Number of protein chains: 2
Amino acid sequence: MTLVLHDGLEHATLDAICESAGVSNRTFFNYFDSKEDAILGLTDSEITDDSVAEIMAAYPAADVVELTVRLMIGVINPSITSSKLLKSRMKIVKLHPHLLGRFALQIQRMHDQLTTAIRPMLAAAPGFADQSPEESELSADVILSLCSGAARAAVKEWTTTGNKAPIEAVEDRAIELVRNTVKRLK
Amino acid sequence: MTLVLHDGLEHATLDAICESAGVSNRTFFNYFDSKEDAILGLTDSEITDDSVAEIMAAYPAADVVELTVRLMIGVINPSITSSKLLKSRMKIVKLHPHLLGRFALQIQRMHDQLTTAIRPMLAAAPGFADQSPEESELSADVILSLCSGAARAAVKEWTTTGNKAPIEAVEDRAIELVRNTVKRLK
DNA sequence: TTGCATGAGTGCAAAGTTGCAATTGCGTAG
DNA sequence: CTACGCAATTGCAACTTTGCACTCATGCAA
């Protein structure tokens, strides 16, 4: 963060970062998938059956959309909330908005995991129970895309307008964006 | 395509491709943004006011979703329909499904263009006319994500199940996916 | 004919990324 | 004490991608 804020995103080279951190180039990539991921603090978190169960327990009344959004934000949550670095991170993101795209990629990375995660819930959902497996998979893809768009928009709004509310508010905001848009689309 | 089909996606190096094509490495990147884009035949197409007007003239009754989907498919249309290479391309995509993600990136690349393109239509749409500019931008982001997900799903379905129908069917299918999902989400 | 602007193509160097093989340190079974 | 396995780290080479500077052919104006 220091190097990036001091030298700019492009001029802070990996070699400089690694030397400053006292590790080798190769070790860096053992912990982060890319330079940008490291800046955002994104690590390879996994969506397990446990995490799904946890969310479902915490929000018993959640439907597919709510569950999906909370899982997604849960994935990028640690990278946003990690306290001290927060302000620097927001400063950098404001300077380089394209970093926000990384959140979408992070989610795309676990697209498959999310597909299987929401599949059983989708099969049981009121509006989707009658679908064939093929149709259900297509629906899952579309819903995932819808939710990730809302999540990205919510995070973007949160980082660009200063963070008045805690992270839960971003979750709720993203869910609201989905609901709102669906309703307006009739 | 020949090299990729013969050596595999990873073993067909840029150097080999460039030598086979009789151009330099650097020239390659003057025409394609990446190796994968070249395989899919994706070039830097632009969404102009003209192309928007054209679609609107062709489909006078189209709403925001329909317009957006047709614009998106229009962007990746040439890379799908270009005749001869079609079968090879589908074979490769079936072997490396992650290439489909490139379509989403291609659309993300012109996210801003699409935002401004659908903005006026969104402001006039029945369900969205009352929104503030900020809310409208958020809605646009969510709708773009929703449509790109449906477009990608439709293309995926089209390439994996053999291409019975022409490209227009993919557009219609993607629109149907959006409508269907929105309706089921209530 | 000369000079110049333009655009396409190229070479080169630097940076990010990844697979593979080798090394190191450490705890544990024999 | 030794040998072994395991995980973290590293070096190295190959590959993709990008910015910059250079050449060269073409065409056009003076």
Side-chain angles (χ1 to χ4, degrees), chain A residues 1-46 76 79 88-89 92-93 95-112, chain B residues 1-46 76 79 88-89 92-93 95-112:
Chain A
M1 308 295 297
T2 309
L3 286 176
V4 171
L5 283 175
H6 184 269
D7 301 336
L9 181 58
E10 302 145 349
H11 284 94
T13 68
L14 255 193
D15 287 348
I17 294 173
C18 290
E19 189 191 337
S20 161
V23 296
S24 75
N25 177 311
R26 200 61 192 76
T27 300
F28 178 93
F29 285 104
N30 286 340
Y31 290 87
F32 298 101
D33 279 356
S34 75
K35 172 182 170 181
E36 298 185 342
D37 279 9
I39 292 169
L40 294 177
L42 298 176
T43 57
D44 260 0
S45 52
E46 294 225 344
I76 59 181
S79 59
S88 310
R89 204 162 270 158
I92 294 179
V93 169
L95 286 174
H96 308 277
H98 76 274
L99 287 174
L100 281 172
R102 275 282 148 178
F103 289 129
L105 280 187
Q106 166 92 341
I107 287 168
Q108 209 181 47
R109 239 182 260 158
M110 31 189 38
H111 196 103
D112 291 342
Chain B
M1 308 294 298
T2 309
L3 286 176
V4 171
L5 283 175
H6 183 269
D7 301 335
L9 181 57
E10 302 145 350
H11 283 94
T13 68
L14 255 193
D15 286 348
I17 295 173
C18 290
E19 187 190 340
S20 160
V23 296
S24 75
N25 178 310
R26 202 60 192 76
T27 301
F28 178 94
F29 285 103
N30 287 339
Y31 289 87
F32 297 102
D33 279 356
S34 75
K35 173 182 170 181
E36 298 186 342
D37 279 9
I39 292 170
L40 293 177
L42 298 176
T43 56
D44 261 359
S45 52
E46 294 224 344
I76 61 180
S79 59
S88 311
R89 203 162 270 160
I92 293 179
V93 169
L95 286 174
H96 307 277
H98 76 274
L99 286 173
L100 282 172
R102 275 283 148 179
F103 289 131
L105 280 187
Q106 166 93 339
I107 286 167
Q108 211 180 46
R109 238 182 262 157
M110 30 190 34
H111 195 104
D112 291 341

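Values in this document were obtained by computation on a predicted structure and should not be read as measured data. Numbered from 1 within each chain, the chains take letters A, B, ... in sequence-line order.
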Rounded off to whole Å, could you give me the [atom1]-to-[atom2] distance for the [X] and [N] pair?
X	N	atom1	atom2	answer
B:His11	C:dC20	NE2	C1'	13 Å
B:Asp15	C:dG11	CG	P	12 Å
A:Asn25	C:dA15	CG	C1'	10 Å
A:Phe29	C:dA15	CZ	P	13 Å
B:Arg26	C:dA14	CZ	P	16 Å

Indicate the atoms forming the closest heavy-atom contact of [X] with [Y], along with that distance.
X	Y	result
A:Gln108	B:Ala104	NE2-CB, 4.1 Å
A:Thr43	A:Phe32	CG2-CE2, 4.0 Å
A:Leu40	A:Leu99	CD1-O, 3.4 Å
B:Glu36	B:His98	OE2-NE2, 3.3 Å

Terminal contacting nucleotides, 5' and 3', DNA chain D versus chain B (heavy atom, 4.0 Å): D:dC15 to D:dC20
Heavy-atom check, side chain of B:Ile92 versus side chain of B:Met1, under 4.5 Å: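 In short, these two side chains touch, coming nearer than 4.5 Å.
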Whether A:Lys35 side chain and A:Ala12 backbone form a donor-acceptor pair below 3.5 Å: yes
Given DNA chain C, 5'-ward residue of the pair B:Val23 and A:Leu14, judged by closest heavy atom: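 Of the two residues, B:Val23 wins.
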With a 3.5 Å cut-off and sequence neighbours excluded, list the donor-acceptor pairs that the side chains of residues 15-29 of chain A form with protein atoms.
residue, atom, partner, partner atom, Å
A:Ser24, OG, A:Arg26, N, 3.4
A:Ser24, OG, A:Thr27, N, 3.1
A:Ser24, OG, A:Thr27, OG1, 3.0

Residue-level proximity of residues 32-43 of chain B to DNA chain C when a heavy atom falls under 4.0 Å: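 The answer is none.
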Residues B:Asp33 and B:Arg102 bridged, charged N to O under 4.0 Å: no
Short side-chain N/O contact to C:dG9 OP1/OP2 from B:Thr27, under 4.0 Å: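 For B:Thr27, the contact criterion (side-chain N or O under 4.0 Å from OP1 or OP2 of C:dG9) is not met.
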Sugar-phosphate, base or nothing in reach of B:Thr13, heavy atoms under 4.0 Å: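 Sugar-phosphate, backbone atoms only, no base.
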Chi angles and distances behind the side-chain contact (heavy atoms from CB on, under 4.5 Å) call for B:Ile39, B:Leu9: CA-CA 9 Å; B:Ile39 292 170; B:Leu9 181 57; 3.3 Å; yes
